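Naming: A, B, ... by sequence-line order, numbering from 1 per chain. What you see is a predicted model, and the numbers here were worked out from it, not measured in a lab.
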Amino acid sequence: MPDANFDSSRSVPTPQAVPLAAYAHDRLRAEATEILAATGLVTRESVTLALPKPSIPADLAFPVFAAAKAAGQNPGDFSQRLADAAVVPEGMLIGAVTAQGGFVNFAVHPAAFAAAVIEEVEAGGAAYGNDKIVGAGQKTVVEFSSPNIARKMHVGHLRSTVIGHSLVKILAALGYDVISDNHLGDWGTQFGTLLAAIDNDHLTPWDDPDPVQSLVEVYARFNSAAKDDPTLMDSARAWFKRLEDGDPWARQTWQRLIDLTLVEFDKTYRRLGVAFDTTHGESYFEPMLAPVVQEALDKKVAHIEPGGAVVVEFGEESRLPSCLLRKTDGATLYQTRDAATCLYRWREYAPVRNIYVVGAEQKLHFQQVFEIVRRMGYKEIADRSIHIAFGAIVDAGGQRFSMRKGTAIFLEEVLDEAVTRARALMQASMAEGRTEITPEEVDSVSEMLGIGAVIYADLYQGPERGIKFDWDKILANEGNTGAYLQYTHARCRSILRKALPAPGAETLLLVSPEEQAVLKQLSRLPHAIREAGANFAPSTVADWTYNLAKAFNDFYHSCPVLKAETSGLREARLALVAAVAQGLKNGLGLLGIGAPERM
RNA sequence: GCACCCGUAGCUCAGUGGAUAGAGCGUCUGCCUCCGGAGCAGAAGGCCACUGGUUCGAGUCCAGUCGGGUGCACCA
């Protein structure tokens, strides 16, 4: 079943036991396993550890149910026997072992843990949380954003762009050699439409003040006219065929459309901090299309129908509807181009993962493409190809935004509005003297905040659900929002401007519940990044970052830093603040969001 | 009709077989003589759509039902 293959490829094997980049979090797990195994009551292999819920006063837990059953004892007794038999040697990060119900609970040694976590955040710096062992330099392709030439990016492109961008960063943090590719929609019948309109009406959109806007309007006009006059679509198809056949005017005009659109896209990408390693639009694969169709025919994956169309039938058992690789008029389709793209990447990179960040409405399309590639004999790349499908952005009434109907909200509009709101808020803070922001910074910081709000509003939740577009929600600045995280970072930096932590602080003094809560959250960044990479889920990192900010703000309100009770504690807390600032910056960075010094 | 996604607090969402299901928004109550109030603390709010099954244990896995969405060859 293609579905089974598709889904199984979604989880990347995670490294066994403790990777070489062993963080305090990893050492805790290793220690717990050793302590349990040393009792002689359970084997190392039978130990699986879980993170207890926050309400449980423990840092790591071993649910004994399965082991107790194997030993023929009831879980409560067995966990007690394990806890009684457990010996915690000196110098461990684990401080105590207790039994509670069917669980053996491990608590950290607060002082040792504090010193270890602060030390590794300081040592890691911007790379804290990374684990290059996981990816070990293996190639991974991430295709994302992929807007269409002669269109404006709208809110739909936002999702692909920010999810893809974050995935690239997360996978790179895990040591993968990532190739980010912008698969531009620069080919297809839509260009026939534009060429037909430009030719018919002798248009010169490149001379207009907003050329892309003109093209969008031309396209919309043509489509509505085509409803009354079906011959218009025929002329569009004919023009696309001419483009494919290399007609000089068609080619030249097409290239102009690409160039003037890319100027606009680049502005948006710069604002979002997004860059690509390759921008292989669909046209790039054009020379590979005929050979792919031929290969599919040779391998009996596809056949020619009487009219001349090339068809792939998947058969009853696969339950996939059949699709075309070549139209009756000889032109190719989306499936043809994506099959060629997939094979190109296999030959060029042989990646361990070939990831497509594309809307959920194209799920069937990718299943078909991957299955075609598999049947052509390229099982490896088919198995390694993954469609990260995200839900559509819809309006308040649940309707999808449509370029053709003119209801689309353009991405630039959203970013501008977000930046405007951020600036207004900051100016209010300035008027009330609640910020240390300087007038010179207002522009750059309001840009960082506005863009951050938009990115975070998308990434804080998983991709599968759709998003109801709501200005107030996307641009919110209280609670679980980008602004909250950025504010917390600015707050840390504000303290650090007043006093820098001296080296050699006695970080083992950080044993209060609030301090320990911050340290525990800090220690879990490596875990969060690995999980995000294994599940292709930036929201895991977003969630970690939010919880770090929350833990820090709680600490901030309970524990004075600059006016701590003793100078030793003051130094230790300064070190903690510096570590939190680093952690927030790293987490935000993985999401593609900037961390401001002041706001 | 077939396939896929979603269904958890009034709303928006976390929760990858483990303990008393968690956040944010909104509502109500407190906290600026103190490192930035875009903050903190507290309260109220749940038949995790429904019915069965697997399991020591199910919001989580399986089957079915009901709701919402998406897709199903000459667009992309």
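Ring orientation note: the planes of A:Phe285 and A:His280 are nearly perpendicular, at an angle over 60° on the 30°/60° scale. Note: A:Tyr356 and A:Phe366 have tilted aromatic rings, judged against thresholds of 30 and 60 degrees for the angle between ring planes. Using cut-offs of 30° and 60° on the angle between ring planes, the pair A:Phe469 and A:Trp471 is perpendicular.
Nucleotides B:A43 and B:C62 have their C1' atoms positioned 41 Å apart, rounded to a whole Å. A gap of 26 Å separates the C1' atoms of B:G53 and B:G68, to the nearest Å. Taking the P atoms as reference points, B:A44 lies 23 Å from B:U8, given to the whole Å. Comparing the P positions of B:C47 and B:G30 gives a spacing of 30 Å, expressed to the nearest Å. Between B:C28 and B:G45, the distance separating the two C1' atoms is 12 Å to the nearest Å. Atom name C1', nucleotides B:G59 and B:C50: the rounded distance is 14 Å, in whole Å. The same atom, C1', is picked in B:A9 and in B:G26; the two are 12 Å apart, to the nearest Å. Distance noted for atom C1' between B:A38 and B:C32: 15 Å (whole Å).
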Pairs: protein N or O with nucleotides 7-13 of chain B N or O, under 3.5 Å:
unit_1	atom_1	unit_2	atom_2	d
B:G7	OP1	A:Arg465	NH2	3.2
B:U8	O4	A:Arg465	NH2	3.2
B:U12	O2'	A:Tyr460	OH	3.2
B:U12	O2'	A:Lys473	NZ	2.5
B:C13	OP1	A:Gly466	O	3.4

- Message: Output one letter per nucleotide in nucleotides 35-48 of chain B: B when a protein non-hydrogen atom lies under 4.0 Å from the base, S when only the sugar-phosphate is that close, - when neither is.
- Response: BBSBBSS-------

- Message: One character per nucleotide, please: for nucleotides 57-73 of chain B, 5' to 3', B when the base has a protein heavy atom closer than 4.0 Å, S when only the sugar-phosphate does, - otherwise.
- Response: -------------SSSB

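Although no hydrogens or angles enter the test, the distance criterion places a donor-acceptor pair under 3.5 Å between the side chain of A:Ser235 and the main chain of A:Leu232.
At a threshold of 4.0 angstrom between heavy atoms, the contacts of A:Gly188 are confined to the sugar-phosphate backbone, with no base atom among them.
Less than 4.0 Å separates RNA chain B from no heavy atom of any residue of residues 451-458 of chain A.
Among A:Leu82, A:Leu36, A:Val42, A:Val47, the one residue that satisfies the side chain to side chain contact (heavy atoms under 4.5 Å, CB included) test with A:Val64 is A:Leu82. Applying the salt bridge (charged side-chain N to carboxylate O under 4.0 Å, His left out) test between A:Glu436 and each of A:Lys498, A:Arg598, A:Arg491, A:Arg493 identifies A:Lys498 as the sole match.
The residue among A:Ile56 and A:Asn480 whose nearest nucleotide of RNA chain B lies closer to the 5′ end is A:Ile56.
Between the side chain of A:Asn105 and the base of B:A19 there is at least one donor-acceptor pair of N/O atoms closer than 3.5 Å.
What separates CG of A:Asp59 from C1' of B:A19 is a distance of 15 Å, to the nearest Å. One can place CG of A:Asp470 at 19 Å from P of B:G24, the figure rounded to the nearest angstrom.
Syn is the conformation of B:C32, whose glycosidic angle sits no further than 90° from 0.
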Show me, pair by pair, the donor-acceptor contacts under 3.5 angstrom made by side chains of residues 542-552 of chain A, not counting sequence neighbours?
unit_1	atom_1	unit_2	atom_2	d
A:Trp544	NE1	A:Gln521	O	2.6
A:Thr545	OG1	A:Val541	O	2.8
A:Asn547	ND2	A:Asp543	O	2.9

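The cationic atom of A:Arg151 (NZ for Lys, CZ for Arg) lies less than 6.0 Å from the six-membered ring centre of A:Tyr219 and within 45° of the ring axis.
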- Note on the structure: Secondary structure of RNA chain B per the Watson-Crick/G-U criterion (both distances under 3.5 Å; [ ] crossing, | other strand, . unpaired) is (((((((..((((....[...)))).(((((.......))))).....(((((..]....))))))))))))....

